[in-house]
Amino acid sequence: FHIEKEPSSEIQKEMVQSFADRAAKVHSHMVSSDEDNMLLITNDGRKAALDQRLLNPDLPDFEESKVNHCVRNVVDIWRQTAEQKSAQLVFCDLSTPKAEKKIKCMTDGVAAVQAAAFSVYADVRDKLIGHGVPPGEIAFIHDADNEKKKAELFAKVRSGKVRILLGSTQKMGAGTNVQTLLAAEHHLDVPWRPSDIEQREGRAIRQGNTNKKVFIHRYVTEGTFDAYSWQLIETKQRFISQVMSGKAPSRSCEDLDEAVLSYGEIKALSTGNP
């Protein structure tokens with residue numbers, strides 16, 4: 001297991017402060033829930049932690065971002081395991097690929113073409129190709145939109161034809177049997193429940209994997225919603241483990257999936273209070 005801590009950019013730090021200001025207005029009932037609410041703020045915070053360009057595609061590509069660190073790690077492992085044709089999984093629940101269509105629009109009566117919104121998936125793929133990874137060895141789970149295509153894709157991963165597969169927990173969790181050659185797994189973002197982490201890592205850490213070691217990389221952008229989200233996962237898992245071991249007074253618990261941070265939590269993040 002590797003925890004990859006990345007610094008936040010100055011823009012990301014400013015964004016976290018702006019989220020705190022928005023949360024204060026929501027908390028004080030200065031805006032209606034139609035204008036802004038804690039769910040919107042939390043979602044924006046998670047996007048900003050992943051890549052600042054998700055909130056504004058015109059912002060610069062931060063060289064020290066966790067997306068760029070992930071790309072470097074994936075390329076290194078891809079090269080080191082070339083002989084074995086080992087495969088890797090990259091999990092990302094945010095910025096999942098939509099149809100990468102060009103949108104036709106009219107500007108002063110002249111037809112123009114507008115590119116689709118920024119996508120982390122497309123960004124990772126393009127950077128991998130730029131580092132020499134053949135396009136045919138990279139795949140998105142979202143492109144396999146039926147059971148037949150999924151079976152064909154999984155077979156390619158197991159045989160080493162596709163060596164880098166990107167997907168979300170929902171689409172690449174349970175039922176994804178691609179473990180044969182998996183050498184590494186990358187968590188680009190943080191799901192809300194410990195069971196989601198278990199599902200992700202269960203794709204590689206399981207019987208049938210010919211690799212004796214599997215490298216799990218968890219990426220954290222410091223000073224953002226990222227760090228707190230991992231803390232939430234840890235807290236939930238500790239409680240669940242206590243219940244399962246009989247060390248807690250409760251006799252049952254649910255796998256909490258609350259997807260909204262509170263005003264106090266966002267305020268603590270913005271002030272750097274651990």
Side-chain angles (χ1 to χ4, degrees), residues 2-19 22 40-79 88-103 105 112-143 163-168 184-191 215 217-230 269-270 272:
H2 298 271
I3 307 299
E4 312 281 8
K5 291 185 179 181
E6 307 306 319
S8 51
S9 69
E10 290 303 315
I11 293 172
Q12 286 171 315
K13 291 174 184 175
E14 291 172 6
M15 285 178 169
V16 171
Q17 188 58 56
S18 74
F19 299 143
R22 286 169 58 188
L40 285 174
I41 295 169
T42 300
N43 286 339
D44 284 348
R46 294 181 70 214
K47 289 177 182 177
L50 176 58
D51 195 300
Q52 59 196 29
R53 291 171 294 170
L54 284 173
L55 294 185
N56 182 352
D58 295 327
L59 288 174
D61 180 6
F62 183 46
E63 181 61 31
E64 295 181 73
S65 73
K66 63 178 180 177
V67 172
N68 286 323
H69 193 164
C70 177
V71 168
R72 291 192 290 269
N73 283 342
V74 170
V75 171
D76 287 344
I77 295 169
W78 172 77
R79 286 174 178 155
Q88 302 177 67
L89 299 182
V90 179
F91 279 96
C92 186
D93 290 349
L94 295 171
S95 187
T96 52
K98 309 295 186 290
E100 293 184 76
K101 296 176 180 176
K102 300 291 184 180
I103 306 165
C105 58
V113 176
Q114 180 182 337
F118 172 78
S119 163
V120 167
Y121 276 71
D123 188 56
V124 169
R125 178 195 60 202
D126 294 346
K127 285 172 177 172
L128 290 173
I129 293 171
H131 281 286
V133 180
E137 292 188 12
I138 307 166
F140 298 163
I141 189 71
H142 303 77
D143 291 337
R163 295 185 55 201
I164 301 164
L165 180 60
L166 293 85
S168 60
E185 191 175 292
H186 307 265
H187 296 281
L188 255 184
D189 59 4
V190 198
F215 296 93
H217 294 267
R218 295 171 174 175
Y219 300 86
V220 181
T221 305
E222 294 180 314
T224 67
F225 282 39
D226 247 7
Y228 190 77
S229 297
W230 278 112
L269 266 175
S270 68

May I have the step-by-step check of salt bridge (charged side-chain N to carboxylate O under 4.0 Å, His left out) for D123 and K127, ending in yes or no? CA-CA 6 Å; D123 188 56; K127 285 172 177 172; 2.9 Å; yes
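- Remark: D126 pairs with no residue by the salt bridge (Lys or Arg N to Asp or Glu O under 4.0 Å) rule, at least two apart or across chains.
- Take R163 and apply the side-chain hydrogen bond (donor to acceptor under 3.5 Å, both in side chains) test, not counting sequence neighbours, and it matches T81.
- By the side-chain contact (heavy atoms from CB on, under 4.5 Å) test, K13 pairs with S8, E10, sequence neighbours left out.
- With sequence neighbours excluded, the residues forming a side-chain contact (heavy atoms from CB on, under 4.5 Å) with P135 are I129, listed by chain and number.
- Inter-residue side-chain proximity for S95 and D51 is flagged as unmet; no heavy-atom pair is nearer than 4.5 Å.
- Evaluation of the side-chain hydrogen bond (donor to acceptor under 3.5 Å, both in side chains) rule for R22 yields D36, D44 as partners, not counting sequence neighbours.
- The structure places CG of N43 at 10.5 Å from CZ of F19, a figure rounded to the nearest 0.5 Å.
- A heavy-atom distance below 4.5 Å is not found between the side chains of D226 and Q12.
- E6 meets the side-chain contact (heavy atoms from CB on, under 4.5 Å) test with E4, K66, H69; sequence neighbours excluded.
- Every residue meeting the ring-ring contact (aromatic ring centres under 6.0 Å, His included) condition with Y121, not counting sequence neighbours, appears here in chain and number order: F140, H142.
- With rounding to the nearest 0.5 Å, the separation of CD1 in I41 from CZ in F225 is 7.5 Å.
- Considering all non-hydrogen atoms of both residues, I77 and A184 come closest at CD1-CB, 3.6 Å.
- Between L50 and the choices V190, L55, L94, the side chain to side chain contact (heavy atoms under 4.5 Å, CB included) rule is met once, by L94.
- For S65, the side-chain hydrogen bond (donor to acceptor under 3.5 Å, both in side chains) partners two or more places apart in sequence, or in a different chain, are N68.
- Between T224 and T221, the shortest heavy-atom distance links the atoms OG1-O, 2.6 Å.
- The side-chain heavy atoms of P60 and I11, taken from C-beta on, include a pair separated by under 4.5 Å.
- Here the shortest heavy-atom pairing between L59 and R53 reads O-CG, 3.3 Å.
- Summarising the geometry of S168 relative to I141, their closest heavy-atom pair is N-CG2, 4.1 Å, with the distance given to 0.1 Å.
- In this structure, R79 has no salt bridge (Lys or Arg N to Asp or Glu O under 4.0 Å) partners at least two apart in sequence or on a different chain.
- Residue Y219 forms a side chain to side chain donor-acceptor pair (under 3.5 Å) with just one option from H2, K5, H186, H187, and that option is H186.
- Between V120 and C92, the closest heavy-atom pair is CG1-SG, 4.5 Å.
- Checked against side-chain hydrogen bond (donor to acceptor under 3.5 Å, both in side chains), E185 has no partners two or more places apart in sequence or in another chain.
- If you take CD1 on I164 and CG on L89, they are separated by 10.5 Å, rounding to the nearest 0.5 Å.
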Stepwise salt bridge (charged side-chain N to carboxylate O under 4.0 Å, His left out) check, E64 with R72: CA-CA 11 Å; E64 295 181 73; R72 291 192 290 269; over 6 Å; no
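- One distance of note links CE of M15 with CG of N56; it measures 6.5 Å at 0.5 Å rounding.
- When all heavy atoms of D189 and D93 are compared, the pair lying nearest together is OD2-N, 2.7 Å.
- Residues forming a side-chain contact (heavy atoms from CB on, under 4.5 Å) with Q17 (at least two apart in sequence, or on another chain): A20, D21, S270.
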